[in-house]
Amino acid sequence: MRYILALIFALLPLMALAQQQETWEDRAMFHGSGSGSGPTLTILSSTDRSFFAPIITSFLAQRPDLSIEYLVSGTAEIDRIFRQDPSGFDLVISSAMDLQFKLTNDGHALAIEGVTTPDWAQWRQSLFGFTTEPAAIVVRRADFAGHSLPQTRQDLIKALRARPEVFRNRLGTYDIRQSGLGYLFATQDARASETYWRLMEVMGSLGTRLYCCSGDMITDLQKGELAVAYNVLGSYAAARTKDSEELAIILPADFPITMMRSGFVSAQTKQPKHARDFIRHLLKVQSAPVDPGIFPLPPLIPALDPRPQSAIGLGPALMTYLDPLKRRTFLQEWTSAVIQ
Amino acid sequence: MTESPKVSGSLRNRLAVTLIGGASLLAVLLFLVVRTYAAQIAQQGQDSILGASVTSILDAAVLRDDQVEIDFPYAAFSMLTTPAHDRVFYAIYRDAELLSGYADLPLPKGSDSGERRYQSAEFIGKPIRISTASRTLLGADVKTRITVSVAQTQDALSDRLNAISRNIASFGIGFFVLVVLLSFWATSSTIAPLNRLATSVTRRGPQDLSPVIKPVPTEMLPLVASLNRLMARLNQSLTQSEDFIAEAAHRVRTPLATVRSHAETTLQRVDKEQNRQALRAMIRAIDESSRAAGQLLDHAMITFRADQLEYQQLDLVELVQKLVLRLSPVAEMKDIDLRFLGDQPVLCQGDPILLQNAIRNLIDNALKYSPSESAIDIWVTSQPQPQVEIRDQGPGFPIDEISDLAQRFSRGNNAAGTIGSGLGLTIAQDVAIAHGGKLALSNHTGGGACVIFSL
Ligand SMILES: Nc1ncnc2c1ncn2[C@@H]1O[C@H](COP(=O)(O)OP(=O)(O)OP(=O)(O)O)[C@@H](O)[C@H]1O
Ligand SMILES: [Mg+2]
């Protein structure tokens with residue numbers, strides 16, 4: 001018995017080390033202007049550092065002694081990592097609303113009183129949406145030269161069928177088995193219309209490459225390896241194609257799927273005050289008037305496009321497709337359509 | 001004079017307290033009953049949604065190659081959306097093996113009859129409501145039982161209950177306030193006839209002993225009837241004693257006057273000194289008893305009237321002036337100068353008959369006990385209160401007896417040679433007291449008695 005205990009104690013630091021050595025997609029430390037001896041907030045996020053750096057910097061501007069560690073990982077990974085060690089992270093930011101919702105439902109989020117945000121953009125005053133980002137169809141204009149750009153899924157199906165030789169093995173979408181956000185987009189898509197399945201079958205028959213993240217899809221589009229990427233984060237694409245005309249970002253006119261990036265404070269945080277303040281800051285900088293220099297993401301209520309967004313709602317229904325039985329069925333169907 | 005009756009509670013308060021107490025009890029009861037009922041209905045509402053969710057999951061269960069597939073609809077959970085953002089938990093079991101959901105969600109105890117069951121429990125420190133149902137699936141050669149539990153926290157439910165409670169509470173308070181107002185109105189309208197009776201009896205003049213004839217509520221009938229009987233009896237006995245006093249005075253004075261006039265005529269006719277002496281003593285005794293009878297009857301009359309003073313506005317100066325005028329022949333006989341001072345009218349409230357009687361007795365005394373060829377001063381003033389001061393130039397009150405002279409039948413040692421009964425000052429003092437004033441006796445430093453009769 002004693003040996004076992006000793007073994008456990010000997011292994012403990014190793015286990016902690018193992019945890020420290022998660023392979024992060026990105027990892028950055030931000031320091032306030034002060035000595036840097038103050039507390040550190042750890043943010044677990046699925047958002048690229050470039051989008052969050054100005055938000056964090058503006059937050060630290062008033063808190064010279066605070067430091068922020070920004071850890072980036074995929075949405076599904078974030079869920080797994082956080083559930084393993086809920087006390088190790090102060091804030092969780094993710095675009096996978098369903099996973100974020102389930103974490104909150106399971107009691108992992110701390111309530112923040114007195115936050116003014118639309119009721120549809122928060123849940124239990126614990127989980128707060130702070131962007132509205134549509135899933136877009138991104139196409140290379142070069143591959144549609146002389147053809148009209150598809151405006152709906154139906155158009156896209158027709159376009160693919162019309163010129164299969166152009167698109168064969170040059171289609172991309174999320175690998176929904178890996179990406180939480182991809183899975184969310186796919187399930188919401190499938191829920192909205194049967195067209196989704198037909199599109200997936202067409203894409204599958206032409207050979208579709210699967211990606212972990214929007215960024216990689218955009219890179220391959222720019223390289224010309226892809227002609228069409230389906231369900232890409234419009235915001236990322238817009239940021240990457242700022243000054244080039246080669247890519248067209250199309251929000252399907254039949255039914256756009258719009259998600260909210262959301263964040264919550266871990267119930268086991270050791271810095272509840274700073275962590276809450278960060279959420280408040282996040283909601284403040286996204287509310288009008290938005291300074292794109294500080295908040296480079298699409299805010300909750302877009303100033304330019306007041307069209308009612310059919311954003312995915314925060315509610316218990318988000319747990320439906322997280323159910324293992326549901327997920328198994330859905331993935332089976334998806335795999336048979338896309339991979340064939 | 002009359003002792004004020006003892007108070008034991010108040011009918012109005014008793015009535016009000018009973019009504020208000022009953023109302024508050026009813027209000028609380030109403031609150032509890034409606035709240036319980038509302039809680040039941042609200043719980044039924046939540047139960048039916050939870051039940052529908054369970055059914056929609058259970059209905060989606062199919063066996064495919066001995067594997068359970070449950071492609072339950074999006075609505076199964078979306079129907080559980082509440083304004084309070086209630087948390088949702090669920091568990092799906094195949095026989096005893098957890099297929100998906102929350103492993104530690106409590107399962108209902110007891111036999112599994114396939115019926116939908118509801119239960120309240122606690123989960124991660126929160127009260128939750130769980131609905132559970134199961135269904136048997138038949139495969140090619142297996143038979144398996146699927147059990148689905150869906151649970152939800154009760155925030156929206158308790159929010160709604162609190163809102164309902166607040167509403168009922170404000171209804172209850174409104175109801176209560178209304179009843180309080182009503183009960184005040186009811187009590188005062190119930191008490192009103194009693195008050196009306198009391199004021200109508202109080203407002204009556206002292207002579208008015210007529211029965212109450214205004215209609216009264218049935219409950220007050222015995223009281224009013226006995227009051228009327230009492231007043232009738234009182235009226236009768238008052239009339240009787242008034243008559244009796246007048247009758248008695250008449251009966252005593254008339255024969256005495258007759259006897260005196262006989263004695264006087266006899267005195268003229270009798271020469272023998274011894275007989276004349278006897279007759280004179282007789283006349284004197286007759287005078288004494290006549291005086292005594294008169295004063296006694298006056299005193300009785302005053303005692304009787306003082307119980308029910310008949311106040312009226314009068315001018316004290318005028319009253320005294322009349323008396324002086326009437327007594328001036330007596331003064332002239334003794335060569336006494338009756339000097340009256342007071343020109344401004346002194347208005348006051350009083351019973352003129354009693355006042356006349358009292359002041360006459362005082363002037364009478366001054367005339368009787370001061371020597372001839374002296375003067376009597378009478379002042380009537382209104383400051384500090386209406387008063388009459390009578391000062392003579394006689395020997396004054398015997399100083400060692402001064403405190404007892406106003407007692408009944410008490411006469412001073414200076415009164416040996418004069419006719420009197422010792423009731424004059426008593427009468428004056430009784431009248432003064434009945435009017436709320438007093439009688440003050442003193443001797444003036446320059447000699448002479450000084451009486452101040454004040455109201
Ligand atoms: N003006 C006065 N001067 C001196 N003594 C007085 C005077 N007035 C009253 N007294 C004394 O006070 C006594 C009581 O007076 P009171 O008037 O009560 O009786 P009375 O005069 O003797 O009899 P009556 O009842 O007939 O008046 C008198 O007997 C007398 O001794
Ligand atoms: Mg006298």
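Letters go in sequence order (proteins before strands), and every chain restarts at 1.
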* **Greater than 12 external heavy atoms within 6.0 Å of B:F184's CZ** => no
* Asked: Take atom CG in B:D65; do more than 12 heavy atoms of anything else shown fall under 6.0 Å from it?
  -> no
Contact class of [X] relative to chain A, heavy atoms under 4.5 angstrom:
| X | answer |
| --- | --- |
| B:T153 | side chain |
| B:A84 | backbone |
| B:I57 | neither |

* Asked: For the atom pair CG (B:D71) and CD (A:E333), what is the distance rounded to the nearest 0.5 Å?
  -> 7.0 Å
* To do: Would you give the length of the straight line joining atom CZ of A:R328 to atom CD of B:Q67, rounded to the nearest 0.5 angstrom?
  => 4.0 Å
* Structure fact -> Those residues of residues 95-119 of chain A that come under 4.5 Å of chain B on a heavy-atom basis, listed by number, are A:K102, A:T104, A:N105, A:D106, A:G107, A:D119
* Neighbourhood of chain B inside residues 316-323 of chain A, taking heavy atoms under 4.5 Å as contact -> A:P316, A:A317, A:L318, A:M319, A:T320, A:Y321, A:D323
* Indicate yes or no: at least one non-hydrogen side-chain atom of B:R64 is less than 4.5 angstrom from one of A:T329. => no
* **A:K326 side chain near B:Y74 side chain, heavy-atom distance below 4.5 Å** => no
* To do: Report the option among B:S100, B:A75, B:P83 that has the most heavy-atom pairs separated by less than 4.5 Å from atoms of chain A.
  => B:S100
* Asked: Which atom names give the shortest non-hydrogen contact between A:Q122 and B:H85, and what distance separates them?
  -> O-CE1, 3.3 Å
* To do: Let me know if A:R191 has heavy atoms under 4.5 Å from chain B in its side chain, its backbone, both or neither.
  => side chain
